[in-house]
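Counting starts at 1 for both ligands and their atoms, in listed order.
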Amino acid sequence: MAISPSCVLCLLLLIFLQYQSQASDTLTANQQLSTNQKLISQDGNFALGFFKPAEGSNDKWYLGIWYNKIPTQTIVWVANRGKPIFDPVSSNLIISDDGNLVLLADHSKSPIWSTDIKNNTSISSTMAVLNNTGNLVLKHGSNNSTVLWQSFNDFTDTWLPGNKLSRNKKTGAVKRMVSWKNRGDPAPGLFSIQLDSNGSPQYILQWNSSIVYWNTGNWSGNAYTGVPELSPTNMYPNSGYTFQFVDNDVETYFTYTVKNDVQTFTRAIIDVSGLFQSLMWTNATQAWTTFFTQPTVKCSVYGVCGENSKCSENAASSCSCLMGFIEKYPDNWKLDDHTAGCRRKVPLKCGNNDSMHTKQDKFYVIDNVKLPDDAHSINAASAHACELTCLKNCSCIAYSHNGTCWVWYNHLMNLQDNIGGLRDSISIRLDASELPNSGTKKWWIIIIIIGGGGLIVLSFGVTILYFYRRRQRYKSGINHDDGALISFKYRDLQSLTRNFSERLGAGSFGSVFKGVLLDTATVAVKRLESFHQGDKQFRTEVSTIGNIHHINLIRLLGFCSEGVKRLLVYEYMPNGSLDKHLFGSSCTTLSWKMRYQIAVGIAKGLAYLHEECRDSIIHCDIKPENILLDASFVPKVADFGLAKLLGRDFSRVLTSMRGTIGYLAPEWISGEAITIKADVFSYGMVLFEIISGRRNLEHRETSMETFFPVLVARKLLEGEVNSLFGSELTNGVSVELERACKVACWCVQDSETSRPTMGKVVKILEGLVDVEMPPVPRYLNVLAEGSSSTKSSSY
Ligand SMILES: *[C@@H]1O[C@H](CO)[C@@H](O)[C@H](O)[C@H]1NC(C)=O
Ligand SMILES: *[C@@H]1O[C@H](CO)[C@@H](O)[C@H](O)[C@H]1NC(C)=O
Ligand SMILES: *[C@@H]1O[C@H](CO)[C@@H](O)[C@H](O)[C@H]1NC(C)=O
Ligand SMILES: *[C@@H]1O[C@H](CO)[C@@H](O)[C@H](O)[C@H]1NC(C)=O
Ligand SMILES: *[C@@H]1O[C@H](CO)[C@@H](O)[C@H](O)[C@H]1NC(C)=O
Ligand SMILES: *[C@@H]1O[C@H](CO)[C@@H](O)[C@H](O)[C@H]1NC(C)=O
Ligand SMILES: *[C@@H]1O[C@H](CO)[C@@H](O)[C@H](O)[C@H]1NC(C)=O
Ligand SMILES: *[C@@H]1O[C@H](CO)[C@@H](O)[C@H](O)[C@H]1NC(C)=O
Ligand SMILES: *[C@@H]1O[C@H](CO)[C@@H](O)[C@H](O)[C@H]1NC(C)=O
Ligand SMILES: *[C@@H]1O[C@H](CO)[C@@H](O)[C@H](O)[C@H]1NC(C)=O
Ligand SMILES: *[C@@H]1O[C@H](CO)[C@@H](O)[C@H](O)[C@H]1NC(C)=O
């Protein structure tokens, strides 16, 4: 039987392909990596290959490294950032004759990307290895300990454990991490992080390599002065992290490592909105959890919203175009790249003399803002003179008069919604046609006069009918305790909150506004942000929450689900949140008796959520801000069920908890599964604050010696916990005080099994069950010891 030569070739090719598809971690000189193949690190954690960004509607391909075991595409390195491949079939990665790793694409002979080592005769044969750290290393084929090139030296937007974002002291070369342009485009964006090139031991965040918008502050031997929480002593001891800041003759760098036995992935990135973040993969939620974000005020990122737009700290989409402007690049805008800003819908008339009907430009006033950068002051006695002066100069596009006349030329950058503080207003120049009640106004008047009469009569009738029905429904919703939730129209909520004018606060999930229902009942309306759930699922979850009734849980009255809008209507709590009474400037100081009752009430509410609901509900975000007080100071736990409502997007929750790491159980940090005992930990931390009347974290920043939970834990063992409090507090309440201290200590134990259930906490606090002496929690103990032995700069 004869085998034709072509068949032999087929066979060989087949064998070759099979050999190729067997994933290896090494590419040698006679091999090539094509689009459907990948290198996989020995431990299987990382993969190198060709990818198409998951987001953005494009057909652009890139060579990159990603996590091989994570379902969400997470790219940690990209070779050809700004030079996409359009024809993946004709592309491959090879080792060229001169030993370089090169990416050939789109039938082109010259490489689209190369490791670019200069011709060096000693590079006869090389090989590329993807190692377990996610580093692609080009080595000598003969002597594999010589590193010729490595991807760790070529940062994109990700900082993996073990890598160094360094400055070379001899050459002055500074490594820089640059954000992706948008979520779907790895091309270099405008934001970057690097060590200060003028030599200070600090990292800086920059816009367009020129404007610094945030820095860590100098490394002080133990932490950065601007980010004290990023210190080895502030980390949970079992988190497995080590930090190191190295400053030797050759180079300066910061590096962090994660112990091998921590079964999770950690990375730090500079994201498309200019934020520096640390993230951790959380198995429980199958999502990345953000546990560190800087700057914490996202609007302080320079130019994050581009020109002619406004940045709002508490909105889901923080950037919005000013009136009269639209997004310059809507596609990028959708992918979180707002840096190009907005453009005018209608050009200004100024300088345009060709039309006889040209009207002068007009101004549109925006109140309560933080004024944009680059203001110029000019002489003008009054606001009116200021306006006229601005009108005269075609480059002048806005003015603000606050005693001085400020004007802006050509572009507006970093206009922000003001949250507290100074309340300035700014007048934006627009073409007259862009303003309401001008131009077309007369037409409207005529239409209304002619056709309006009948319409008014008709709509009046309809409105009466409508409100009558509404009233019936409201009544049945509120008066009958049958748990029936009211399904509100968005329009109704708009009107009962007077177009969301009175904001009560901003929580983890969105802002809360005061509203009045039928002129009688006051309600709190929560506008949910960053919502990814469909209408049906939302209704299911909401009805579950609506069915939960307990005196210590806030009552859900209704909801609204319209288009992408999701709102929840709650009963209104006249005394606001617990933090205001504990730490705030509130006039009422809570007596010990009230505080103790509040602690018991919160515990009861949580016990109900954990133990008595059909599907046990983990709150995930217990902190004083989420405990509301009714008219008689009965505590009500708010926001329960929302973590679940928001689906897998726990990272949102945590991002807004930045800085409140003090309430997070260690297992959040180490990426283990979250159980109800995580709530118990947070409750313990809150209980310490209820006892002390001060923030735990506040103490921690000043000196570890006075970190309240540490003091309590120690004094309990020494049997003199009462010595912590003034005599006027301890008189007659020392039993309750000691009980509360013990409970708090038990709640913050490292091991979940040591922490009591909330049901048990209630019994102990009510004196029905005795409580043993708690051991000092290991994590608190290490914290306290760390503070007295932080001398060297490396850990
Ligand atoms: C590199 O050196 C080799 C031999 O030393 C030579 O054949 C080759 O042309 C050189 N390549 C380039 C790009 O200079
Ligand atoms: C060639 O590469 C080796 C190994 O990286 C290096 O030691 C040597 O200095 C290089 N030679 C030239 C001429 O660049
Ligand atoms: C991976 O690369 C880094 C950086 O070159 C190196 O320090 C480390 O030893 C390598 N790990 C392995 C497993 O080769
Ligand atoms: C490196 O080369 C040595 C011999 O030169 C060999 O024993 C070793 O297995 C090689 N290591 C790798 C990772 O290829
Ligand atoms: C491999 O290279 C390293 C450093 O470049 C050198 O110290 C070592 O002696 C070399 N080993 C061999 C077997 O050539
Ligand atoms: C940071 O360190 C540099 C030099 O190391 C020094 O010049 C600078 O003043 C320091 N900055 C602050 C705020 O202390
Ligand atoms: C960034 O800076 C470069 C010059 O360094 C300039 O050409 C470019 O226009 C700047 N980009 C923006 C968006 O201003
Ligand atoms: C428009 O008219 C003004 C004065 O009437 C003149 O100063 C200006 O140069 C003219 N602009 C253009 C673009 O023609
Ligand atoms: C108009 O504004 C520009 C700044 O962009 C300034 O240079 C110019 O002098 C101004 N013109 C007048 C007439 O004030
Ligand atoms: C007016 O606005 C400018 C620019 O924002 C600010 O520097 C100044 O303090 C303000 N003056 C008053 C009186 O508010
Ligand atoms: C997370 O899941 C991966 C894969 O299922 C597993 O290997 C790892 O041990 C898990 N980590 C934790 C902390 O459960």
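- Contact check for I428 versus F363: no side-chain heavy atoms found under the 4.5 Å cut-off.
- Ion pairing between a basic and an acidic side chain is recognised when a charged N comes within 4.0 Å of a carboxylate O; D417 and K310 show such pairing.
- Both tests hold for R267 against W288: distance to the six-membered ring centre under 6.0 Å, angle to the ring axis within 45°.
- Nearest protein neighbour of atom 2 (O) of ligand 7, counting heavy atoms only, is N208 ND2, 2.3 Å.
- Polar contact check, W207 against ligand 7: no nitrogen or oxygen pair lies under 3.5 Å apart.
- Taking only nitrogen or oxygen atoms, main chain and side chain alike, N218 reaches within less than 3.5 Å of ligand 6.
- By the neighbour-count criterion of 12 heavy atoms within 6.0 Å, atom NZ of K83 is sparsely surrounded, having that number or fewer from other residues, nucleotides or ligands.
- Atoms of ligand 6 found under 4.0 Å from any heavy atom of P201 (numbered from 1 in listed order, with element): 2 (O), 5 (O).
- Protein non-hydrogen atoms do not reach within 4.0 Å of atom 9 (O) of ligand 7.
- Using modelled atom types and a 3.5 Å distance limit, the side chains of S433 and D431 yield a donor-acceptor pair.
- The protein does not reach atom 4 (C) of ligand 7 closely, with no heavy atom under 4.0 angstrom from it.
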